[in-house]
Q: 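Okay, here's the structure, questions in a sec.
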Amino acid sequence: MSEEFAGLRGTVGLVTGAATGIGEGVAQKLHAAGMRLAIADIDGEGLARVAESLGGGDDVRAFTVDVTDGTAVNNCVAEVEDALGPIDGLAHVVGIQRIGAIVDFSEEDFDATFTINVRAAFLVAKAVAARMLPRERGSIVSVASTAARTPRVKQGAYCGSKAAIAQMMKVLGLELAPHNIRVNCVSPGVTDTGMVKRLIDSMGFSEEILKGSLDNFRVGVPMGRLARSEEIADVIAFLLSSRSTYLTMQDIVVDGGGALGA
Ligand SMILES: NC(=O)c1ccc[n+]([C@@H]2O[C@H](COP(=O)([O-])OP(=O)(O)OC[C@H]3O[C@@H](n4cnc5c(N)ncnc54)[C@H](O)[C@@H]3O)[C@@H](O)[C@H]2O)c1
C-alpha cells in the first residue's frame with residue numbers, strides 16, 4: 001500500500017463521474033491504495049471499461065446512475081452499501097461545462113449546468129452524509145474548480161455553479177464537523193481530460209490556456225502545462241486517507257499556480 005494514503009486499504013469508497021477523465025483517475029488511485037470501490041456514472045459503457053481496467057474483481061462494483069435524480073441516487077447509495085458495506089469515503093467528481101457569454105447563454109444550458117453540477121453535488125453528498133452520520137465517521141470530497149474563484153469569460157454558469165458547490169460543501173463540513181465527518185473540495189486547474197479538449201475545440205485556442213490571454217483567461221498556468229488526472233486524484237486520496245484527519249471545510253486548489261494562489 002502506498003504509505004502516503006495510509007488507512008485507505010479495505011475501506012469503502014464511492015467515486016462518481018468515474019467513467020472517464022478525473023473520476024477515472026481517482027478510481028485508479030483509490031483502487032491502487034486498496035479501497036473497495038463503487039464507481040458510478042451515467043455512461044455505463046465507460047464504467048464497464050474502467051471496471052475492467054481495474055481488474056474486474058469483486059472489489060470494484062459499477063453503478064450506472066444519473067446523479068441528478070434524487071431517487072436514483074438514494075437507491076444507488078443503498079445498493080453500494082449492500083454490496084460493499086458502509087461508505088467511508090466519497091469522491092463526487094461529476095460535472096459538466098457549457099461555454100457561452102452570459103448574454104448569449106440559453107436558459108436550457110444554464111439549467112443543465114446547475115442541475116448536473118450543483119443539484120447533483122447536493123443529492124450525492126446528502127445521501128452519503130445521511131448514512132455516515134449515525135456511524136460518526138467518513139470523508140466527503142466534491143470536485144469544484146478554480147473557476148469558483150477566478151472569473152473566466154464564456155464560463156458564467158460554470159463559474160457560478162462551482163462557487164455554489166464550494167460554499168455548499170463548507171456548510172456541510174460545518175454541519176458534520178461535530179460528527180467526525182470531514183467535507184472538503186478539490187479545485188483542479190486545467191486538467192488533460194475530454195472536458196478540456198471540448199473547451200479548446202469550442203474556443204478555438206489552446207496556447208492561451210497556458211500562456212494567458214487578456215481577452216480570454218487573464219492568467220495562464222505558471223507551471224506551463226495541463227494537470228494530469230492523477231495529480232488531482234493524489235489530493236483526493238490524501239483527503240480520504242487518515243493523513244488528513246484534522247482537515248475539513250477546505251477548498252484545495254491544484255492548478256499549477258493558475259489561480260495565482262487566490
Ligand atoms: N478537466 C478540467 O480541466 C477540470 C478543471 C476543473 C474542474 N474540473 C471538474 O472535474 C470534474 C471532472 O471533469 P473531467 O474533466 O474529468 O470531465 P469529463 O467530461 O471528462 O467527465 C465527466 C464525467 O461525468 C459524467 N456525468 C455527466 N453527467 C452525469 C450525470 N448526470 N450522472 C452521472 N454521471 C454524469 C460523464 O459521463 C463523465 O464520465 C468536473 O466536475 C469538472 O467540472 C475539471
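Whatever order the structure lists them in is the order used to number ligands and atoms, beginning at 1.
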Q: Donor-acceptor pair, distance only, cut-off 3.5 Å: does the side chain of S139 make one with the backbone of L239?
A: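 Between the backbone of L239 and the side chain of S139 there is a qualifying donor-acceptor contact (under 3.5 Å).
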
Q: Which residue from V73, V254, V93 reaches closest to atom 11 (C) of ligand 1 through any of its heavy atoms?
A: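 Nearest heavy atom to atom 11 (C) of ligand 1 lies in V93.
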
Q: Could you tell me which atoms of ligand 1, counted from 1 in the order shown, lie closer than 4.0 angstrom to a heavy atom of G95?
A: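 Listed by number with element, the hits are 22 (C), 40 (C), 41 (O).
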
Q: Would you mind running through ligand 1 and noting each atom that sits below 4.0 Å from a heavy atom of D66?
A: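 Within the 4.0 Å cut-off of D66, ligand 1 contributes 30 (C), 31 (N), 32 (N).
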
Q: Examine the proximity of ligand 1 to R198 and report which part, side chain or backbone, both or neither, has a heavy atom under 4.0 Å away.
A: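 Looking at R198 and ligand 1, just side chain atoms fall under 4.0 Å.
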
Q: Out of curiosity, T146 OG1 to D255 CG, how far, rounded to the nearest 0.5 Å?
A: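 T146 atom OG1 to D255 atom CG measures 5.5 Å (nearest 0.5 Å).
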
Q: Between Y158 and ligand 1, does any nitrogen or oxygen pair lie at a separation below 3.5 Å?
A: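 Between Y158 and ligand 1, an N or O pair is found under 3.5 Å apart.
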
Q: Could you state the interatomic distance from CD (E81) to SG (C76), rounded to the nearest 0.5 Å?
A: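 So the CD of E81 and the SG of C76 are separated by 10.5 Å.
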
Q: So is G25 touching ligand 1 or not, going by heavy atoms under 4.0 Å?
A: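 No.
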
Q: Would you mind telling me if ligand 1 is within reach of the side chain of A144, the backbone, both or neither, using heavy atoms under 4.0 Å?
A: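 Backbone only; the side chain of A144 stays clear of ligand 1.
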
Q: Please could you name the atoms of ligand 1 that T20 approaches to less than 4.0 Å, counting only its heavy atoms?
A: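 Answer, ordered by atom number: 20 (O), 21 (O), 38 (C), 39 (O).
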
Q: Does ligand 1 come near enough to I22 that some N or O of the ligand is less than 3.5 Å from an N or O of the residue?
A: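 Yes.
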
Q: State, yes or no, whether a side-chain contact exists between I252 and N184 at a heavy-atom distance under 4.5 Å.
A: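 The answer is no, as the side chains (C-beta and beyond) never meet within the 4.5 Å cut-off.
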
Q: Decide yes or no for Y158 and I96: does some side-chain heavy atom of the first lie under 4.5 Å from some side-chain heavy atom of the second?
A: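 No, their side chains stay 4.5 Å or more apart.
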
Q: For atom 32 (N) of ligand 1, find the nearest protein heavy atom and state the residue, atom name and distance (0.1 Å precision).
A: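 Answer, as residue, atom name and distance: V67 N, 3.1 Å.
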
Q: I need the atoms of ligand 1 closer than 4.0 Å to a non-hydrogen atom of P188, numbered in the order shown.
A: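 Those atoms are 5 (C), 6 (C), 7 (C).
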
Q: For I116, counting its heavy atoms only, list the atoms of ligand 1 lying under 4.0 Å from any of them.
A: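 Close to I116: 28 (N).
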
Q: Considering L226, D41, V143, which one's heavy-atom position lies nearest to atom 25 (C) of ligand 1?
A: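 Checking each option, the heavy atom nearest atom 25 (C) of ligand 1 is found in D41.
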
Q: Output yes when the distance from some N or O of ligand 1 to some N or O of V196 is under 3.5 Å, and no in every other case.
A: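 No, there is no polar N/O contact under 3.5 Å.
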
Q: Do L199 and I209 touch side chain to side chain, with heavy atoms closer than 4.5 Å?
A: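 They are in side-chain contact.
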
Q: Test V94 against every option in I42, I116, I22, N117 by the side-chain contact (heavy atoms from CB on, under 4.5 Å) rule and name the one that passes.
A: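 Considering I42, I116, I22, N117, a side-chain contact (heavy atoms from CB on, under 4.5 Å) with V94 is found only for I116.
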
Q: Tell me whether ligand 1 is touched by V65 - counting only heavy atoms on the residue side and a distance under 4.0 Å.
A: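 A heavy atom of V65 does come that close to ligand 1.
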
Q: Is it the case that ligand 1 has an N or O less than 3.5 angstrom from some N or O of T191?
A: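 Yes; the residue has a nitrogen or oxygen that sits under 3.5 Å from a nitrogen or oxygen of the ligand.
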
Q: How far is atom 4 (C) of ligand 1 from its nearest protein heavy atom, and which residue and atom is that?
A: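 Residue, atom and distance for the closest contact: G189 O, 3.9 Å.
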
Q: Find out whether R152 and C159 are in side-chain contact, i.e. whether some heavy atom of one side chain is under 4.5 Å from a heavy atom of the other.
A: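 A side-chain contact exists here, since the closest heavy-atom pair is under 4.5 Å.
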
Q: If you take the nearest heavy atom of each of T193, V253, T115, which one is closest to atom 1 (N) of ligand 1?
A: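 Result: the heavy atom closest to atom 1 (N) of ligand 1 is in T193.
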
Q: Can you find a pair of side-chain heavy atoms, one from N75 and one from T71, that are under 4.5 Å apart?
A: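 Yes - at least one pair of side-chain heavy atoms lies under 4.5 Å apart.
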
Q: For A19, counting its heavy atoms only, list the atoms of ligand 1 lying under 4.0 Å from any of them.
A: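 Listed by number with element: 39 (O).
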
Q: Please write down residue, atom name and distance for the protein heavy atom closest to atom 26 (N) of ligand 1.
A: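 Atom 26 (N) of ligand 1 sits closest to the protein heavy atom V94 CG1, 3.8 Å.
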
Q: Any side-chain heavy-atom pair from V254 and P188 closer than 4.5 angstrom?
A: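 No, every pair of side-chain atoms sits at 4.5 Å or beyond.
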
Q: Quick one: does A40 get within less than 4.0 Å of ligand 1, heavy atoms only?
A: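 Checking ligand 1 against A40, which is what was asked, there is no heavy-atom contact under 4.0 Å.
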
Q: To which protein heavy atom is atom 34 (N) of ligand 1 closest, and what is the distance rounded to 0.1 Å?
A: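 Answer for atom 34 (N) of ligand 1: I42 N, 3.2 Å.
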
Q: Determine whether I236 and V80 fall in the same hydrophobic cluster, where Ile, Leu, Val, Met, Phe, Trp and Tyr are linked whenever their side-chain heavy atoms lie under 4.5 Å apart.
A: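 As far as the 4.5 Å side-chain criterion goes, V80 and I236 are not connected within one cluster.
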
Q: Checking the N or O distance criterion of under 3.5 Å, is ligand 1 in contact with S145?
A: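 In this structure, S145 places no N or O atom under 3.5 Å from an N or O of ligand 1.
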
Q: Check ligand 1 against V190 and write out every atom of the ligand that is under 4.0 Å from a heavy-atom position of the residue.
A: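 Near V190, the atoms of ligand 1 are 3 (O).
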
Q: Look at E79 together with R61 and state whether they make a salt bridge at an N to O cut-off of under 4.0 Å.
A: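 R61 and E79: not salt-bridged.
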
Q: Between the side chain of D192 and the main-chain N/O of A227, is any donor-acceptor distance below 3.5 Å?
A: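 No: the side chain of D192 does not pair with the backbone of A227.
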
Q: Rounded to the nearest 0.5 Å, how far does CG of L90 lie from CD1 of I181?
A: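 Rounded to the nearest 0.5 Å, the CD1-CG separation comes out at 11.5 Å.
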
Q: Answer yes or no for E24: is there a heavy-atom contact with ligand 1 below 4.0 Å?
A: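 No, E24 has no heavy atom closer than 4.0 Å to ligand 1.
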
Q: Would you say that V128 contacts H92 through its side chain, given a criterion of any heavy-atom pair below 4.5 Å between the two side chains?
A: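 They are not in side-chain contact.
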
